[in-house]
S.K.: 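What follows is a single structure, and I will ask about it in a moment.
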Amino acid sequence: MAPSRVQSACARCRRQKLKCDDTRPCQLCIRSEAECTDVVNKRRKQTIGARQPQNRKRPEHRPLPVNTAPSDDPRLSLQPQIVPSGTRVTDLVTSQRERAHSTFHHVQELFRNHMTTLRDSDAIPDGTPANKQSQVPGSRIPIIELIGIQLPSAPITLTLLDAYLQANHWYLSLFHEPSFRARLVTILQTEGILPSEKSFLLLLLAVLIIGARFSNHETLHSLDPQFNPQQSRTIWIEAVENHIFWILQEATLESVACAVLMSIAYLLERKTQLSFTMSGLGSRAAQAMGIHDETTWGHLDPIEVQVRRRVWWSIYMVDVYIAQAYGKPSILPTVQFNVSEPEDLDDTLATCPGIGSYEVREDGTFKPVTIFSYNRYKAQLYSIADPTAHSIRLPHIKRTYARLLDWEKTVPRELKLDSFSENQNMINDAALCVFSLQALTLQVTYDYKHLILFRPFLLSKKYLGVRLHDGPVETQDRSNTTIRDQLFTSALRMSSICRWQNILIILGNTTSAAQLCFQCFTAGVVLAMLALSELSSPRLPECKQGLARLIRSLEVAGAGSPLSRQSVDILMEAMHLISAEEVKELVSRAGKPAEDVRSVLPTANLVTRLAYSRGTGDIHRAIHQPDAVHGQEMWEELDLMPDESEPEILNSISLYQSLASLF
DNA sequence: TTATTCGGAAATTAAAAACA
DNA sequence: GTTTTTAATTTCCGAATAAT
């Protein structure tokens with residue numbers, strides 16, 4: 001009668017199906033020196049209504065479990081399905097997941113089953129906002145009473161919505177289009193709005209602000225000659241600003257989505273500082289609502305669940321992107337959330353004409369690739385290149401790098417840029433057009449992630465020569481890739497997008513253009529810095545050509561925006577600088593023997609020198625036995641000790657700091 | 001020899017149904 | 001209100017497999 005069962009197994013034991021114990025860390029974790037963390041039990045968390053009432057008569061057979069995928073295993077929800085040949089991702093993510101419960105959360109636990117309704121708690125952190133329940137239906141009131149301005153006429157509003165969908169929805173999806181449209185139509189028809197819909201209205205305004213920027217002004221003029229897009233945009237922005245704090249306090253899904261859109265809108269308005277801050281507000285609001293943890297959502301309508309996931313992943317990606325672009329730590333750490341990938345809803349079932357690949361979903365099933373797959377792949381990409389580490393270590397970077405390479409292998413043909421022809425006219429086929437845009441931005445983002453990953457090393461000549469692949473040098477020719485090589489390859493591949501001018505032109509009329517321009521700009525800066533660090537290298541011409549192609553891409557996709565103009569100017573300047581330095585270099589070398597004058601330290605040289613300096617003279621051995629390269633000598637050469645004593649490298653170096661060292 | 005993985009049996013538990 | 005039933009969800013045995 002040994003009561004041998006433990007009330008809750010730790011994360012590791014649970015995953016490995018081993019017998020755990022009540023101590024923390026448990027004996028097994030101690031034995032294997034693993035981190036021992038608790039996992040929240042879904043069963044204990046189940047709320048009233050979470051289970052479907054059964055038609056209890058005679059069930060005969062046990063029905064299949066509804067949801068076999070245990071969504072609260074964080075590894076499942078965070079790690080994309082890239083588990084290639086044997087490379088299992090370690091406990092890293094699992095073990096770090098901590099659930100921080102607020103005081104108010106404990107209050108709820110305490111009174112569960114003892115109080116039908118909780119009393120007022122709006123003054124307590126994490127309590128329920130006061131005006132939530134009191135705002136029962138009510139009657140429709142004119143919009144002007146709620147926010148002080150009118151919406152434009154129905155045709156204009158719908159045109160702007162369409163413009164928004166084209167410009168942003170394929171790239172960052174923040175709502176379910178059919179529901180959104182239905183709600184909008186009701187408002188337009190009744191010319192009134194429920195007071196409880198205020199946050200929806202503000203989200204709509206944000207949509208219109210972006211729509212107005214990307215819509216065709218002639219079409220608008222023909223619909224309503226009085227309508228002035230620029231002026232309206234200013235008015236709407238002001239209206240949203242007047243109410244933004246109100247809706248953030250209200251904490252609805254729409255308020256978070258609105259904050260995300262405003263962040264983008266500010267970026268387009270050249271208010272980059274506000275954009276940064278606004279995305280932070282949105283992230284925080286999302287966390288306050290618990291959107292980062294599905295287990296707290298309770299029972300929701302299936303569409304609502306998916307929309308929440310969409311919003312969460314969108315804000316996560318915006319937050320990470322903006323943080324990286326600014327070189328600041330991001331607010332939303334990967335390890336502390338628990339939201340599954342968004343799935344397809346009825347509005348995203350379109351597939352790519354001509355290609356019919358399948359995608360492995362989070363739950364292991366195979367589904368056709370749809371126009372929404374892009375969002376899932378992008379989300380995976382973002383969670384791989386984990387931005388949480390404010391300071392990072394080389395082994396971590398190598399691991400991330402390996403995962404990036406694995407991720408790339410999983411990308412379906414629909415989302416590969418090479419699948420699209422360079423001179424095809426995309427405009428005729430909407431789906432094809434969207435897929436090509438997605439493929440291009442996905443590839444650029446992937447390469448950009450490499451640049452960001454290695455960006456901290458740009459200022460350190462020592463690190464540029466570090467090899468990226470541990471383990472034996474196999475048949476793979478890239479096994480000797482150094483950080484410098486990879487930066488070079490990625491930046492060059494980014495520059496190759498200028499071949500797809502047809503796609504770039506369309507892309508210039510979407511919100512993703514801003515991101516693309518910035519990514520190209522980054523690639524340009526990286527190429528320039530590489531070029532300057534090895535002026536005599538045979539790669540120099542390629543660097544310059546790459547820069548030229550990036551400048552061209554910026555001009556095409558930037559469509560005359562200030563961001564693209566300024567980037568082009570700076571990159572041009574960098575080109576001149578490189579040429580000038582090159583001339584100096586040539587002159588100074590003119591009278592000397594052709595051998596090295598360089599003080600830079602490329603790895604190939606290092607290996608050779610190592611082999612010689614050790615007196616063996618056996619270059620072969622040095623190259624084919626990676627241990628020799630990765631052993632003590634290597635690190636001494638680099639003034640470093642392996643692993644533990646390795647100094648931390650700050651990740652938060654902004655592009656501007658890199659730039660400053662350029663000029 | 002030791003560690004990891006995983007199918008699935010057995011145990012546990014919240015909710016629903018039945019009962020009083 | 002209490003007890004019983006049901007089904008979802010958990011723990012962890014034990015056998016297979018992989019790593020050392």
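Lettering follows sequence order; numbering is per chain, from 1.
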S.K.: Let me know the distance between NZ of A:Lys19 and P of B:dA10, rounded to the nearest Å.
M.R.: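 These atoms are roughly 16 Å apart.
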
S.K.: Whole angstroms only, please: what is the CG-C1' distance between A:Leu18 and B:dT2?
M.R.: 13 Å

S.K.: What integer distance in Å separates A:Arg15:CZ from C:dT10:C1'?
M.R.: 16 Å

S.K.: Please give, in whole Å, the distance from C:dT9 P to A:Gln7 CD?
M.R.: 19 Å

S.K.: Does a side chain donor of either A:Ser283 or A:Gln287 reach within less than 3.5 Å of an acceptor in the other side chain?
M.R.: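 Note: A:Ser283 and A:Gln287 side chains miss the donor-acceptor criterion.
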
S.K.: Starting at atom CD of A:Gln16, determine the distance to atom C1' of C:dC12, rounded to an integer number of angstrom.
M.R.: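 One finds 12 Å between C1' of C:dC12 and CD of A:Gln16, rounded.
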
S.K.: Under 4.0 Å between a side-chain nitrogen and a carboxylate oxygen: does that hold for A:Lys449 and A:Glu408?
M.R.: no

S.K.: For A:Arg14 and C:dT11, is the shortest distance between a side-chain N/O and OP1 or OP2 below 4.0 Å?
M.R.: yes

S.K.: Ignoring backbone atoms, establish whether A:Lys17 has a side-chain N or O less than 4.0 Å from OP1 or OP2 of C:dC12.
M.R.: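 False: A:Lys17 side-chain N/O out of range (4.0 Å or more) of C:dC12 OP1/OP2.
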
S.K.: Would the A:Tyr446 and A:Trp407 ring centres measure less than 6.0 Å apart?
M.R.: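 Ring centres of A:Trp407 and A:Tyr446 closer than 6.0 Å.
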
S.K.: Round to the nearest Å and state the distance from A:Gln27 atom CD to C:dC12 atom P.
M.R.: 14 Å

S.K.: Is there a Watson-Crick or G-U wobble partner for C:dA19 with both distances under 3.5 Å, and which nucleotide is it?
M.R.: B:dT1

S.K.: Hey, do the aromatic rings of A:His450 and A:Tyr401 have their centres closer than 6.0 Å?
M.R.: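 Centroid separation for A:His450 and A:Tyr401: below 6.0 Å.
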
